[in-house]
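Here the structure comes first, spelled out in structure tokens, and everything after it is commentary.
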Amino acid sequence: MASIKDVAAEAGVSVATVSRVLNDHPSVSAEARARVLAAVQSLGYRPNAVARSLRTDQTHTLGLVISDVMNPYFTELARSVEEEARALGYSVIIGNADERPDLQDHHVRNLLDRRIDGLLVSPTDGGSPLMLDAVRAGTPMVFVDRWIPGLDVPVVRADGRTAVQDLVAHLHGLGHRRLAIIAGPAATTTGRERVEAFRESLAAYGLELPDVYIGQGDFQAESGRRVTEGFLDLPEPPEVVFAADNLMALGALDAVRARGLRIPDDIALAAFDDIRWFVHTDPPITAVAQPTGELGRAAVRALVDRIEGRPGRSVTLPARLVVRRSCGANPTSVQRSTS
């Protein structure tokens, strides 16, 4: 990766001149400025990704890179981030990764180049050298919802394990024994964590999670439809499909209806990540609800603490089970439930 010294050598100027150009100082001649900018372009130099010391002031702007703006969970998260940031005197620039690591890094790079004061990221995977470089360079950063293990970055997230345990207890109490899961990408912490929580919760009742009852999804509706079709084609289909996010649950619902089957009479359906739409489906869908608004606000506060020289801290908030009728229960008769 090119350094400021490389840019100075390429342009035939001093490091101080490069710094003045990058900070829009008026004392640099037009000819020298042109040479420096040409060298920056030629070398692909990214000053804010590797040399945070070039900053001379704050922009009062935060960057937010979310995994999928079409996912209602992340839409609500972005809204709460923007509201809290505005209340604290910051504006927000949002980048949508669309669950693609390359697009995630594209947005991170552009945001760093715009001299944001800090960065909120919900990583699409755990292997981004760019984010590692940004952390090493001292860029204030907070992970929200997902995180990259091994990086010294505060994480603001919900703990869904207890809610998943409540879900499995609910399903077991209804007499369901063959439970399947549509898993999120194994490259994401949430994808792995939700499968592990589901497996451990089943084991507490002496139930196994066979490989045929684990379908690999990608947090998109189409994968939920495809995986559910595979479950329905099994010689012994599951009695319950638990989708590890809301979009995959909607895809599962489409697959069940396309077969002419009824929920919950023929197969039960539950989801991680409650959304407002779930109360309008027929039947309404049982879901694990995360405190999305609180997560967004807490993430902004943690990031602003880091920007302003205070220690940012990780925050873990509890998720909760919301029981509706998609698994065969009358929610008014189930403890811990809301409609």
Side-chain angles (χ1 to χ4, degrees), residues 19-26 46-98 103-124 128 130-148 151-158 290-318:
S19 179
R20 285 194 290 270
V21 170
L22 295 174
N23 288 285
D24 294 323
H25 197 283
R46 303 294 180 185
N48 290 291
V50 296
R52 215 175 115 67
S53 62
L54 289 177
R55 288 190 181 169
T56 58
D57 53 34
Q58 284 185 275
T59 62
H60 286 89
T61 303
L62 309 179
L64 170 65
V65 180
I66 55 176
S67 303
D68 183 6
V69 73
M70 296 298 290
N71 186 321
Y73 167 78
F74 286 110
T75 304
E76 184 178 347
L77 182 72
R79 178 178 180 178
S80 64
V81 165
E82 195 278 331
E83 289 176 346
E84 185 69 13
R86 186 172 64 247
L88 295 177
Y90 289 80
S91 59
V92 180
I93 301 175
I94 300 174
N96 171 36
D98 203 24
L103 194 53
Q104 164 193 275
D105 284 1
H106 166 78
H107 288 304
V108 169
R109 185 177 295 109
N110 284 344
L111 288 167
L112 292 171
D113 286 350
R114 288 175 179 269
R115 300 180 61 189
I116 57 168
D117 293 332
L119 186 61
L120 291 167
V121 185
S122 180
T124 59
S128 171
L130 178 63
M131 276 195 279
L132 177 59
D133 287 343
V135 171
R136 288 172 173 169
T139 302
M141 187 182 300
V142 170
F143 291 139
V144 57
D145 185 64
R146 308 174 187 176
W147 64 97
I148 298 178
L151 289 188
D152 185 19
V153 174
V155 179
V156 176
R157 57 182 288 265
Q290 300 195 75
T292 314
E294 295 176 55
L295 290 174
R297 291 187 288 272
V300 171
R301 291 193 294 268
L303 182 58
V304 170
D305 280 344
R306 300 204 79 186
I307 292 169
E308 298 181 354
R310 299 183 294 273
R313 63 186 183 90
S314 294
V315 177
T316 301
L317 300 173

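Heavy-atom basis, side chains included; hydrogens, waters and symmetry copies ignored. This chain uses plain numbering: 1 for the first residue, then up along the sequence. Predicted, not measured: the structure shown is a model, and the values here were computed from it.
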### Task
Measure the shortest side-chain to side-chain distance between R313 and P154 over non-hydrogen atoms and say whether it is less than 4.5 angstrom.
no

### Message
Tell me whether T139 contacts the main-chain N or O of A137 through its side chain, where contact means a donor paired with an acceptor under 3.5 Å.
### Response
no

#### Entry: Heavy-atom pair with the smallest gap, counting every atom of S67 and S122
OG-O, 2.9 Å

### Query
Going from CZ on R297 to OG on S80, what distance comes out if it is rounded to the nearest 0.5 angstrom?
6.0 Å

### Query
Hey, what do you get for CZ (R115) to CG (L22), rounding to the nearest 0.5 Å?
9.0 Å

### Message
Please report the interatomic distance CD1(I116) to CZ(R114), rounded to the nearest 0.5 Å.
### Response
10.5 Å

### Message
Can you give me the closest heavy-atom contact between T316 and A158, atom names plus distance?
### Response
CG2-C, 4.5 Å

### Message
For V135 and V153: C-alpha separation, side-chain torsions, deciding distance, then whether side chain to side chain contact (heavy atoms under 4.5 Å, CB included) applies.
### Response
CA-CA 8 Å; V135 171; V153 174; 3.7 Å; yes

### Task
With the side chain counted from C-beta on, respond yes when L119 and V108 share a heavy-atom pair under 4.5 Å apart, and no when they do not.
yes

### Message
Using side-chain heavy atoms (C-beta onward) and a distance below 4.5 Å, is H107 in contact with D105?
### Response
no

### Query
To the nearest 0.5 Å, how far apart are CD1 in I93 and CD in E82?
12.0 Å

### Query
How long is the gap from CG on L77 to CG on L64, to the nearest 0.5 Å?
6.5 Å

### Query
Taking only residues two or more places apart in sequence or in another chain, which ones pass side chain to side chain contact (heavy atoms under 4.5 Å, CB included) with R79?
E83

### Task
Please examine the side chains of F74 and N96, heavy atoms only from C-beta on, and report whether any two atoms are closer than 4.5 Å.
no

#### Entry: Non-hydrogen atoms of A134 and L112 that approach each other most closely
CB-CD1, 4.0 Å

#### Entry: pair D145-R157: side-chain heavy atoms closer than 4.5 Å
no

### Query
L120 versus V81: any side-chain heavy-atom pair under 4.5 Å?
yes

### Query
Hey, does the side chain of S314 reach the backbone of V156 with a donor-acceptor pair shorter than 3.5 angstrom?
no

### Message
So L62 and I307, do their side chains get closer than 4.5 Å, heavy atoms only?
### Response
yes

#### Entry: Nearest heavy-atom neighbours spanning A78 and I66
CB-CD1, 4.3 Å

### Task
Give, for atom CD of E76 and atom CD of Q290, the distance between the pair rounded to the nearest 0.5 Å.
10.0 Å

#### Entry: For S91, side-chain hydrogen bond (donor to acceptor under 3.5 Å, both in side chains) partners two or more places apart
T61

### Query
With H106, which residues qualify under ring pair (Phe, Tyr, Trp, His ring centres under 6.0 Å), at least two apart?
none

#### Entry: Qualifying residues under side chain to side chain contact (heavy atoms under 4.5 Å, CB included), relative to D305, sequence neighbours excluded
R310

### Query
Do you know the tightest heavy-atom contact between R146 and T124?
NH1-CA, 3.8 Å

### Message
Taking side chain to side chain contact (heavy atoms under 4.5 Å, CB included) as the definition, give me every residue that meets it alongside P318, ordered by chain and number, with sequence neighbours left out.
### Response
none

### Message
Taking P311's backbone N and O only, do any of them form a donor-acceptor pair with R306's side chain (distance below 3.5 Å, no angle check)?
### Response
no

### Query
By side chain to side chain contact (heavy atoms under 4.5 Å, CB included), which residues pair with L88, not counting sequence neighbours?
E84, Y90, V300, R301, V304

### Task
Could you check V315, V155, L303, V121 and say which one makes a side-chain contact (heavy atoms from CB on, under 4.5 Å) with V142?
L303

### Message
Side chains of D68 and Y73 only: does a donor on one sit below 3.5 Å from an acceptor on the other?
### Response
no

